[in-house]
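Contents: one structure, followed by commentary.
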There are 2 protein chains.
Amino acid sequence: MKSTGVTIADVAREAGVSPMTVSRSLREPARVSAKSRERIAEVIERLGYVPDPAARALAAGRTNVIGVIIPSVTNNVFSDVMRGIYGVIENSPWQVQLGNSRYVAETEEALTRTFLSQRPAGLIVSGVDQTRKTRELLINAPCRVVQIMELGEAPIDMMVGFSHREAARVATQHLFDKGYRRPAFLAARVDPRTKRRMAGFEDVVRTAGAFDPSRILATSAPSSAALGRTLMAELLDNAPETDSVLCNNDDLALGALFECLHRGIDVPNAIGICGFNDLEMMAVAYPTITSVKTYREEMGRIAATMILETLKGIEPEEPVVDLGFDVMSRQSTAKLL
Amino acid sequence: MKSTGVTIADVAREAGVSPMTVSRSLREPARVSAKSRERIAEVIERLGYVPDPAARALAAGRTNVIGVIIPSVTNNVFSDVMRGIYGVIENSPWQVQLGNSRYVAETEEALTRTFLSQRPAGLIVSGVDQTRKTRELLINAPCRVVQIMELGEAPIDMMVGFSHREAARVATQHLFDKGYRRPAFLAARVDPRTKRRMAGFEDVVRTAGAFDPSRILATSAPSSAALGRTLMAELLDNAPETDSVLCNNDDLALGALFECLHRGIDVPNAIGICGFNDLEMMAVAYPTITSVKTYREEMGRIAATMILETLKGIEPEEPVVDLGFDVMSRQSTAKLL
DNA sequence: TCAATAAATGGTAGCGCTAACATTTGTCAA
DNA sequence: TTGACAAATGTTAGCGCTACCATTTATTGA
């Protein structure tokens, strides 16, 4: 059944030591004499021994699994975060276990329960909107927990993210600073982060006395450039006084731009466009597109690093990391004044 | 140490049966009387029992892990494939374990070894270019194996993909059919699939007597729209007679388009552009971009389904599935004749 | 030289579950 | 009513490893 079939006992016998010494030389080499260590290493190499993680987990009462719970595998934002996580974990003895909550709180709770029952080495969860029960599970978790994506009031343990509301505020203010007066907001499937961005948009627009609900478009469809075109078309038809759009992400922004190009609308002079996330493409589009740069891969990297460090007994200097954001001002909002 | 602490013995005691009956009611409910089954289910629910996968794996000699080895987590193509795999596996008792070979054959071999030592329930690997040793490991694997991404001569076990060479041939022929005579080929980091596409391009271009190495551009940099612009700029400067480009993927195609737009070059009349993969965005770009549609998510879905089916004892009707491709002809190659 | 101490190693038990076989209980025909 | 057989359940042993504690061996200072 097993491919290699080599167990720790085989290695021990061959190296002339007890299984315990082999086990130690693998996990705490400093506690084994150099001579034994070398001999054991040689035998391991020769026999092609690979420790059985299941046996190890059962005996040690913990696994080498770092659980990651995200609400979507479709959303590129999470692919970027995962990339950051994988980058850190790839060359460590730990492994990632991915769970997809599909934006359903009950699923998230079930996943949390399942993950915890596996005694993970650490847990990375998305957002701050867990159910009370999930929160409780995580607070009592026998491992460290990092919340990613956003910042919030009461961190369960550690946290890496940025303020979506503040980012949207700054982006909206950017539109006003560039001379736009009647900005709209486009969003696809509304998740908690989107809600906060929408709130940030509203904050600034209300302050400027330019609030108009007909310039806020959201749908339940998943985000795409095609949807960006559709929403933009709808916006132009129903709220023709609109002079700029803040898009909840860059797919929508690209779609919005394409719709304008198709209609022969002058971007940025007739319509200004600002995206969110700053995909690599925004800087090379024609015209180049203003976007709020977010640090998604870095978020994953830092979260994973925090887990690995605490596993080594090193506490992070700051348990809550604000990665911030940057509005990358480009041609799509460079209106002639 | 353990969060729930509830074991199968606790459930058994509470339900008034032996642990074995509990175990069976979970794995082979048909072999347990309805009465016991219900009682056990009630107790499990009440105590919040979750089986320990490590103990299960150790006792049963196999895990619920389906290993997936891909060469890149950065490349969107693989995100799409992973999405398909996750979609199928998410609601099953199986779990995905991802390994990144980084296009290094030795890493792939090491990953294969590690995965196999964990006695996976199945294995999904990318491509057909394994080392001899890796192939051998996979052929003797104690689980089913699916090769994805492309088709090849000697399948290790099962296979889902399409012919990249043929796809590039058809795409190149499309350019000629549309009236272009001096097509170029743009590629980023060259992997085995890219190589085959390049060969397909060359096949057709040579047959047409239009082969010119100065119209084949490849680099070691990872693919991006920015790179597409750079390569397109280089191409326009060094091979100005070029009248069309086949891009190895859609990022490059978008970049190429943007470069043309920036330079005021008429697409499709001065330059025709064809991408590869047919990202959702290609159909809504301005102009819309011709691309070779590939079925990436479906590839993952089918591969995962094949594994799950064989796990249930159901053999696939065809062990080798050719997903084909489709050239989506759009404005970017609709030259006025 | 010899205790006292540290360093290295080993023995025992058990993690939670399931395979394989053993036993008990239920069902049915004669 | 009983034996034959199937269905349901139980018993035993062990998967491969590590925690814990016991023992052996090396090292040191007086």
Side-chain angles (χ1 to χ4, degrees), chain A residues 1-40 43-44 47-65 93 114 116-121 142, chain B residues 1-40 43-44 47-65 93 114 116-121 142:
Chain A
M1 175 119 262
K2 187 161 179 196
S3 59
T4 107
V6 182
T7 74
I8 203 169
D10 300 329
V11 176
R13 196 176 327 106
E14 197 79 2
V17 295
S18 77
M20 231 9 258
T21 304
V22 176
S23 174
R24 257 195 294 262
S25 90
L26 252 28
R27 291 170 301 109
E28 306 169 276
R31 289 190 47 195
V32 175
S33 70
K35 207 163 51 133
S36 302
R37 219 184 311 138
E38 278 160 34
R39 194 138 31 90
I40 291 168
V43 174
I44 286 178
L47 302 187
Y49 168 70
V50 182
D52 181 329
R56 193 172 253 191
L58 188 57
R62 59 190 134 68
T63 62
N64 65 340
V65 169
T114 307
L116 285 178
S117 82
Q118 297 178 30
R119 286 164 284 178
Chain B
M1 175 120 264
K2 188 161 177 194
S3 59
T4 108
V6 183
T7 72
I8 204 168
D10 300 328
V11 176
R13 197 175 328 105
E14 196 80 2
V17 295
S18 78
M20 213 34 237
T21 305
V22 177
S23 173
R24 259 194 292 261
S25 91
L26 252 26
R27 292 171 301 110
E28 305 170 277
R31 291 191 44 194
V32 175
S33 71
K35 208 164 50 135
S36 302
R37 220 184 310 136
E38 278 161 33
R39 194 139 31 90
I40 290 168
V43 174
I44 286 177
L47 301 187
Y49 167 70
V50 182
D52 181 329
R56 194 171 253 191
L58 188 58
R62 59 190 135 69
T63 63
N64 66 340
V65 169
T114 306
L116 285 177
S117 82
Q118 297 178 31
R119 285 164 284 177

Separation of B:M20 atom CE from D:dT12 atom P, in whole Å? 14 Å
Is there a side-chain contact between A:S36 and the phosphate of C:dA8, meaning an N or O under 4.0 Å from OP1 or OP2? no
Can you tell me how far C1' of C:dA7 sits from CD of A:E28, to the nearest Å? 13 Å
Between B:I44 (CD1) and C:dC17 (C1'), how many Å, whole number? 13 Å
Among the nucleotides C:dT18, D:dC17, D:dG10, which one has an atom lying closest to any side-chain atom of B:V17? D:dG10
Name the residue closer to the 5' end of DNA chain D, choosing between B:P19 and B:L58 according to the nucleotide with the nearest heavy atom. B:P19
Rounded interatomic separation in angstrom, taking CZ from A:R39 and C1' from C:dA8: 13 Å
To the nearest 0.5 Å, atom CZ of B:R39 lies from atom NZ of B:K35 at 6.0 Å
Between C:dT9, C:dG10, D:dG10, which one does the side chain of A:R31 approach most closely? C:dT9
Closer than 4.0 Å, any side-chain N/O of B:T7 to the OP1 or OP2 of C:dG16? no
On the nucleotide C:dA7, are OP1 or OP2 found under 4.0 Å from the side-chain N or O atoms that A:S33 carries? no
Distance check needed: C:dA8 C1' versus A:E38 CD, whole Å only. 15 Å
When you measure from the side chain of A:A59, which nucleotide among C:dC15, C:dC17, C:dG11 comes out closest? C:dC15
Calculate the interatomic distance between B:N64 atom CG and C:dT18 atom C1'; express it in whole Å. 15 Å
Pairwise distance OG1(A:T21) to CZ(A:R37) - rounded to 0.5 angstrom: 12.0 Å
Atom CZ of A:R27 and atom C1' of C:dT9: how far apart are they, to the nearest Å? 14 Å
Mind checking the CG-CZ spacing from B:L26 to B:R56? Nearest 0.5 Å is all I need. 5.5 Å
On DNA chain D, more 5' by nearest nucleotide between B:A55 and B:A34 is B:A34
Is any side-chain N or O of A:R62 closer than 4.0 Å to OP1 or OP2 of D:dA19? yes
D:dG10, C:dT9, C:dC17: which one has an atom nearest the side-chain heavy atoms of B:T21? D:dG10
Look at all strands and tell whether B:R24 reaches a base, only sugar-phosphate, or nothing, counting heavy atoms closer than 4.0 Å. base
Using whole Å, what does the distance between atom P of nucleotide D:dA7 and atom NZ of B:K35 come to? 18 Å
Does a nitrogen or oxygen in the side chain of B:S18 sit under 4.0 Å from OP1 or OP2 of D:dT11? no
Scanning both residues in full, the closest heavy-atom pair of A:V6 with A:L47 reads CG2-O, 3.4 Å
Spacing of A:D10 atom CG and A:I44 atom CD1 [to the nearest 0.5 Å]: 11.5 Å
